[in-house]
Amino acid sequence: MADTAPLPRPQGGPITSQLHRREPDYLAGLNPEQRDAVLTTEGPLLVLAGAGTGKTRVLTTRIAHMLNQRLAWGSQILAVTFTNKAASEMKKRIHEQVPSLDGLPWMGTFHSISARILRQHAELVDLKPTFTILDTDDQIRLIKQLLEAENIDEKRWPARQFAGMLDAWKNRGLLPKDVPAADSGYFANGKGGKLYYDYQARLKVLNAADFGDLLLECIRLFRENPEVLAEYHRKFKYMLVDEYQDSNTAQYLWLRLLAQGKPASEANICVVGDDDQSIYGWRGAEVDNILRFESDFPGAKVIKLERNYRSTANILKAASTVIAFNEGRLGKTLFTDVADAGEPISFTQVYDSEEEARLVGEEIEQYQRQGESLNSMAILVRASFQMRELEERFITLGLNYRVVGGPRFYERKEIRDALAYLRLVAQPADDLAFERIINVPKRGLGDSTVNMLTATARHQQVPLLSATRLMVETEDLKPKQRTTLRNLVAQFDNWAHRAESLPPYQLVEQILEESGYMDMLAADKSVESQGRKENLKELSRAMEEFETLGGFLEHISLVMDRDNADASDAVTIMTLHSAKGLEFNTVFLTGWEDGTFPSQRSMDESGRAGLEEERRLAYVGITRGRKRVRISAAQNRRIHGLWQSAIPSRFIDELPPDAVEVTDRGSAYGGYGYGGGAASRFNKADPFESVYETPGWQRARANQANRRGSGPLTIEGDLVARSVDLGNQSSSYALGDRVFHLKFGYGEIMSIEGNKLTIDFEKAGTKKVLESFISKG
DNA sequence: CCCCTGTTCGTTTTT
DNA sequence: CGAACAGGGG
């Protein structure tokens, strides 16, 4: 292996450059702190990188520097991230900066790197190298089975809750024997601890690991097998960790073990992060890890990156002032050299959340008229229930938007079904996959048949597929089921055989066809079936780049996100959490009301720590803006169906007054002023001015008028106008499409006559409406 | 076995 | 108020 071979000295070019004291090109343009962070390769290093201070550039340049100076082979560098997105971004940049690589650095998420290590030493943690990685779905089903076996009432003790506890334990690095009695005793009247043991035992039988296990079993591997750990100590000369503030205890232990090859004060470990952007405490992240780094690694060098290249001075001032209210920070203050402070932050209080949506819509259109692209604008909300009103408003306006988040591609039912087939082909012992597809499509194999198979599997201690093989040779099954199962087993054997020679993307197509899955979708007249077929095509396309089935399955279980390659110009709507790491010229921060943001629940559950995390979220939100940040709050918002009034977020009071401009859409209803009514002077002359006269509303009306022509609003008149407008163009809707209507809500198209559509609305029943009144749902 | 109805519950999300 | 889910009935 190249890892241990002596490193050649840098080639001619760099040496000459050094003699002339010319720095390598890649250092050009870095500020002194960034340069320091790149060049300090030896010993522990903590880089505190504030928002927009060029963190990613430092990380990648640092790796490029190591490779360029031949400090290490590529494969001796370990770079860890939290998300696949960050990992692939890093890979891309390294490839750009270092065209010829001697061995690829290990770049990936904690989980993918752990999986890679575990596959090499699987036997040492009672797994086979081909072990399956379970997703949340499988996990829940497995837990349900255990609950049933233990006679635990699933209503009283939901599987999801236990999954959450398991996750929390694993995040804390706790094996079943390590769980404190108080913790394990809580669930199902003391059965929690036993369930954890049972769960782990079951995973071993299934030859499977869940996400938490990837880390936990890796830790166990290192602890119980010092010689294996030593191997990695020799291997990894340099370690880098991105977003260190997001690391949880298990990840921390994992890193500590890997860094133990040298005394702590000499470990070449570089962690990059920002304690002010730690927003994942609720899922186990320990800000403490970053706060403690200097004592964990004595003599660690600390470099602060505070020079911001993203936002205006006003934005930075606002963010810095708010975050300064937190205690227990390492302390950084962002600054910029740009003289112009830029627009002040705006804060607007409106009457209710509907008006907030109108306001945002209007402002977006205004900026758009000024030549800003929709892509450069984003609305960041605390929770996704806030998105709906925005979306509805934008539909009315005909404003193109994109929602980030939501259900992911690989979590869709049809994709999971297809994956289950593939898993079972690759891994005949994958019982969870077996159970998932045994009767999908319907084969007349109901609960009773499955129960018989399960019983045999238990008895014989074999996987379900093997149990099925045995059962079809006996007289225990009804003839019909026996034939069906015999054929199914034969099919799987056949597919497994083909998997050896056929590219995975062709295999999946054949499986879906031969299993009857495609026929099932074809027979399905529901709205979704067409989309499902397309998703499956997309799956096959995504598989084209994989040569082996195993390679694809590994990728899929670790990379659950789909890359949105949406080229159209659209405003982004997303949560503050998913906005971390992104930037936009204009950022709208809506719903800044106490209770919504900061979230009441956070404060109730986690007290002061909760509030501080919310404040960091505010900091993240504000620092997403390059040119302008527009904050709003509603006096009234509908929560759980009822209207509730609220006062502006306490974070509003924490904003620096001289960087903020308060405007008020004077409401006729009085309500709460800002800062004791200081904003009242901004009230409009006529407090009763109708909101329906706002530019946005007028435009919405104009849009609708354009779409339907200027004829009378009768069916007939409209029909004529439409047919003229559209010429020969046919309806852009199809039977079964899910659509949205302003008054009637969501519905499904039952029939189409010209532009007259019969729609079955979920709420309002079946109505005939004009195409121009609906939009795609 | 599927559909319908009643019930429950109501941040944030990755791997 | 409305989505999601479980359980019962047809």
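Residue numbers begin at 1 in each chain, while the letters A, B, ... track the order of the sequences.
Contact annotation: Arg388(A) side-chain N/O to dA3(C) OP1/OP2 distance is under 4.0 Å. Listed pair Lys580(A) / dT12(B) fails the phosphate criterion, with no side-chain N or O lying under 4.0 Å from OP1 or OP2. Considering only side-chain N and O atoms, Thr596(A) lies nowhere under 4.0 angstrom from the phosphate OP1 or OP2 of dT11(B). Proximity of Asn171(A) to the phosphate of dT15(B): no side-chain N or O atom is located under 4.0 Å from OP1 or OP2.
A distance of about 22 Å separates the C1' atoms of dC5(C) and dT12(B), rounded to the whole Å. With both ends at atom P, the span from dA4(C) to dT13(B) equals 15 Å, rounded to whole Å.
No engagement by Asp604(A) is indicated, since no non-hydrogen atom pair under 4.0 Å with the nucleic acid exists. Nucleic acid contact for Glu243(A): none, since no nucleic acid atom lies under 4.0 Å from a heavy atom of the residue. Residue Ser112(A) is classed as having no contact, given no heavy-atom separation below 4.0 Å to the nucleic acid.
The cationic group of Arg615(A) does not satisfy the cation-pi geometry with Phe651(A), failing either the under 6.0 Å distance to the six-membered ring centre or the 45° limit from the ring axis.
Pairs of residues two or more places apart, or lying in two chains, that qualify as side-chain hydrogen bond (donor to acceptor under 3.5 Å, both in side chains) and include a residue from residues 106-115 of chain A are Thr109(A)-Ser112(A), Ser114(A)-Trp254(A).
Per the stacking criterion (ring centres < 5.5 Å, plane angle < 30°), Tyr280(A) does not stack onto the base of dT13(B).
For His121(A) and Tyr232(A), the distance between ring centers is under 6.0 angstrom.
Base orientation at dT11(B) is syn, since its O4'-C1' glycosidic dihedral falls within 90° of 0.
No hydrogens or angles were tested; on distance alone, a donor-acceptor pair under 3.5 Å links the side chain of Ser602(A) to the base of dT11(B).
Distance Ile279(A) CD1 to dT12(B) P: 13 Å, rounded to the nearest Å.
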Task: Criterion salt bridge (Lys or Arg N to Asp or Glu O under 4.0 Å) on Asp138(A) and Arg141(A), from CA distance to verdict - done: CA-CA 5 Å; Asp138(A) 300 321; Arg141(A) 271 183 310 139; 3.0 Å; yes
Task: Criterion side chain to side chain donor-acceptor pair (under 3.5 Å) on Glu356(A) and Ser632(A), from CA distance to verdict - done: CA-CA 7 Å; Glu356(A) 186 180 47; Ser632(A) 53; 2.8 Å; yes
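Within residues 140-164 of chain A, no residue places a heavy atom under 4.0 Å from DNA chain B.
Residue order along DNA chain B, read from the 5' end via each residue's closest nucleotide, puts Gly444(A) first among Ser599(A) and Gly444(A).
With sequence neighbours excluded, the residues satisfying side chain to side chain contact (heavy atoms under 4.5 Å, CB included) with Glu243(A) are Lys55(A), Phe82(A), Gln245(A), Asp246(A), Lys580(A).
Ring pair His577(A)/Tyr280(A) is tilted by interplanar angle, where 30° to 60° counts as tilted.
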